[in-house]
Amino acid sequence: MQNALSRQLTPSQKKAVFHIEGPLLILAGPGSGKTRVITHRIAALIDSGVKPHNICAITFTNKAADEMRQRAVALGASAGAHISTFHSLCVRILRQYAHKAGISPNFSVYDDADQTRCIKQAVKACELDTTNFPPARMLDAVSALKNNLIDVDSFKTRADDFFSKTLAKIYARYQTILTDANALDFDDLLFKTAFLLRDCPDVCAELGNRFKFLLIDEYQDTNHAQYKMAKYLVSTHNNICVTGDPDQSIYRWRGADIRNILAFEKDWPDATIVKLEENFRSTPNILQAADNLIAANQNRKPKKLIPTKPPGPDIVISPFPDEMQEAQGLVKQIKEFTAKGASTKDIAVFYRVNSMSRVLEEAFIEEKVPYQIVRGVEFYSRKEIRDILAYLKILVNPDDELALLRIINTPARGIGKTTIDKVRSYAARQNVTLYDALKKADKIDSLSKSPKSKITSFVKMIEQFKKDSAGPVAPLAERVFTESGLVKSLKAIGPDGRNAIENVNELISAAAQYDDQTEEPSLLDYLQQISLFSDVDAYDTSTDRVALMTLHCAKGLEFENVFIVGVEDGLLPHERSNSDQNTDEMEEERRLFFVGMTRAKSGLNISYAKYRTIRGHVLRTIPSPFLFELGIEFNDTPAENHYHYDDSTSQDVPQLAPNQMVRHKKFGLGTIEEFIDMGQNSVVVVKFNSGQTKSLMLKYAPLKIIENS
DNA sequence: CATAGCCGCCTTTTT
DNA sequence: GGCGGCTATG
């Protein structure tokens, strides 16, 4: 069997696959066949007598887990190994040992939208101003604390300045809100599991005995909580194998600690280290440029990228006048590629921010090129989907106040704000949950007859659903959709409603699929699973479409032809990352570009636009400084109007004279100071009454001419 | 209590 | 430029 498994493996790959006992660090460069090595390793472990259920492999996304499971089975490994993400593993552990973790097993998992609502509530409850304490910032801070396993009490004792003390209050309040709702956010899943393992040696031993072999992929992107989890899990058997590439660490902002992989040898002094430096994916010219780029990072261990493929086409760097023409040019290029026989599904477009997908999408539609935007969570943030899911969540976890408040009057059933406020204050007085208060609506004196009966029938409906909530999910979801009145209310709003109904039907189909594929389908399990759904998980590789995704999503994937768009200063590197050279943030942006480039097997096309509309403002841009680090000569002058964008934006621009009055959508009234006639590209300098002076491109700027009367 | 329309907020990347 | 939340109105 070893022979069968080791076929077509290089010597270092073989070492990584067959080094069974003890800690192992696999430093794997891009395209080094790392995924292959891991799946082979799982098969080799089983082959050497390890029971499948004694293996736990942790991947970065659910999709990666699914693929790994399939590949391992295809290699002849019997199924049964636990392969999942850290978060899924935590859900499983926490559900099993809920009582020991001090939680209830039917907990809701709060996503970022839920988190935002809760943190806002917390900031408000602390009677703080949201301008001085912006909820998004507070959430980041709380998240960072949890990722570093700092609990409320220990943070309180160490908080010595005003800000920290305030943050401690918000943190405490936020946790109370979540606890009261029997909810855990993404960070809690890791946090609670790590503390469970720390505080319950019996649980730790039990899991350690079960998972005798632990494999962690993308180890460079683990955070402190995940690191601790790993340490606890392997404390008995010491069989830990991690793989990763410090040059591909792109989640520092989310708490990922690159030191975890850099210090692996210190943590496990008897560790074996295998380097996989050969690259089987990209052409030598792509690797050379990627290497030139990443070499600019100061804070790194130098590493080789050894090419194994024959030379391929040159990297193309194309400037465009603006993002519309960039999109148009991109789609035209893709058409040329496919006309020459390239497969549509083997083409990907990467961008730094999600908002850039819009203009690309328009061009794909216009040119009728099939595409998919890889953004899985978007579906779950639609109103109608959140509504139906809120109904289902309540059946499992009636304490989930966020879900309850969402549906109590959706569709409208005459339970308005005043009524809800009365019930809430009753609940607070009696120290019961909102749902319990609703159940006792009859006893709430402040309520008059009509709202009482409306509440009663709502509770009755929910209780009815609850009775039949065991078993498969899809039929229940369908029933809830109809009987809650959601379908009816959506039908009533016309075409948009039809669309919404379609979406819910899609959800029900997905639930049916879950029912089919799961041995014992349960609503709780289903809800907890879909809450851990990630963007790439929605990536459908079976259809022939161009994949559009963020650079972060691109991690772990590969394509024959890659297009990276919007490679401009301020976008990549993003302006929000500290723009000083060689700060940690700048280096992470560089790694992000590195990850994007090294996804390409043969065609790598980089583009940027000289003008880009950002949040409604047309801004002049400059090429990303990273472009000058690639060691490639390129021409900064766009092929003017090469790709004519047939749109109102390229209509004739007016001739303007100084002193002409204009009104700008954003800046208000202003006077023309100068008119630079460049035909389509005429520029005006406007002095606005607000005091600021702007130079604007006429074909983009939303300027209205005020007639002199 | 429902609805529409407006204001003001945020806006990097995601499990 | 988009969305959530708030307010004014029916």
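Here is how names work: the chains are called A, B, and so on, in the same order as the sequence lines, proteins then strands, and each is numbered from 1. In this text, all values refer to a predicted model and were calculated from it rather than measured experimentally. Only this structure's heavy atoms are used, side chains among them; waters, hydrogens and symmetry mates stay out.
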For [N] and [X] - does any side-chain N or O of the residue sit under 4.0 Å from the phosphate oxygens OP1/OP2?
{"X": "A:Arg254", "N": "B:dT12", "result": "no"}
{"X": "A:Ser534", "N": "B:dT15", "result": "yes"}
{"X": "A:Ser355", "N": "C:dG1", "result": "no"}
{"X": "A:Asn147", "N": "B:dT15", "result": "no"}

Let me spell it out: for each of A:Thr418 and A:Phe533, pick the nucleotide of DNA chain B with the closest heavy atom. Which residue's pick is nearer the 5' end? A:Thr418
Between A:Lys417 and A:Leu532, whichever has its closest DNA chain B nucleotide further toward 5' is A:Lys417
Just checking [X]: base, sugar-phosphate only, or nothing, at a heavy-atom cut-off of under 4.0 Å?
{"X": "A:Phe86", "result": "nothing"}
{"X": "A:Arg591", "result": "nothing"}
{"X": "A:Asn409", "result": "sugar-phosphate"}
{"X": "A:Asn354", "result": "sugar-phosphate"}
{"X": "A:Arg358", "result": "sugar-phosphate"}

How many whole angstroms separate atom [atom1] of [X] from atom [atom2] of [N]?
{"X": "A:Lys120", "N": "B:dC9", "atom1": "NZ", "atom2": "P", "answer": "11 Å"}
{"X": "A:Arg117", "N": "C:dG5", "atom1": "CZ", "atom2": "C1'", "answer": "10 Å"}
{"X": "A:Met356", "N": "B:dT13", "atom1": "CE", "atom2": "C1'", "answer": "13 Å"}
{"X": "A:Glu568", "N": "B:dT12", "atom1": "CD", "atom2": "P", "answer": "17 Å"}
{"X": "A:Met549", "N": "B:dT13", "atom1": "CE", "atom2": "C1'", "answer": "15 Å"}
{"X": "A:Phe133", "N": "B:dC9", "atom1": "CZ", "atom2": "P", "answer": "17 Å"}
{"X": "A:Leu139", "N": "B:dT12", "atom1": "CG", "atom2": "C1'", "answer": "15 Å"}
{"X": "A:Glu361", "N": "C:dG2", "atom1": "CD", "atom2": "P", "answer": "12 Å"}

State whether A:Arg69 and A:Asp66 are salt-bridged, where the test is any N-O pair (Lys NZ or Arg NE/NH1/NH2 against Asp/Glu carboxylate O) under 4.0 Å. yes
Would you confirm whether A:Asn62, through its side chain, and A:Ser534, through its main-chain N or O, come within 3.5 Å as a donor-acceptor pair? no
Honestly, is A:Arg620 close enough over A:Tyr611, meaning NZ or CZ under 6.0 Å from the six-membered ring centre and within 45° of the axis? yes
Nearest to the side chain of [X] - [options]?
{"X": "A:Arg352", "options": "C:dC6, B:dT15, B:dT12", "value": "B:dT12"}
{"X": "A:Val353", "options": "B:dT11, B:dT13, B:dA2", "value": "B:dT13"}
{"X": "A:Lys124", "options": "C:dC6, B:dT11, B:dT14", "value": "C:dC6"}
{"X": "A:Phe186", "options": "B:dT15, B:dT14, B:dT12", "value": "B:dT15"}
{"X": "A:Thr419", "options": "B:dT15, B:dT14, B:dC1", "value": "B:dC1"}

Base of B:dT12 and ring of A:Trp253 stacked, centres under 5.5 Å, planes under 30°: no
Would A:His552 pass as stacked on B:dT13, i.e. its ring centre under 5.5 Å from the base's six-membered ring centre and planes under 30° apart? no
Given the rule in the side-chain hydrogen bond (donor to acceptor under 3.5 Å, both in side chains) test, do A:Asp257 and A:Asn223 qualify, once you have shown the distances and angles that lead to the verdict? CA-CA 5 Å; A:Asp257 193 342; A:Asn223 62 31; over 6 Å; no
Centroid-centroid distance, A:Phe563 to A:Phe350, less than 6.0 Å: no
Checking A:Pro411 now: which residues fulfil side chain to side chain contact (heavy atoms under 4.5 Å, CB included) with it, not counting sequence neighbours? A:Tyr391, A:Arg413, A:Leu486, A:Ser489
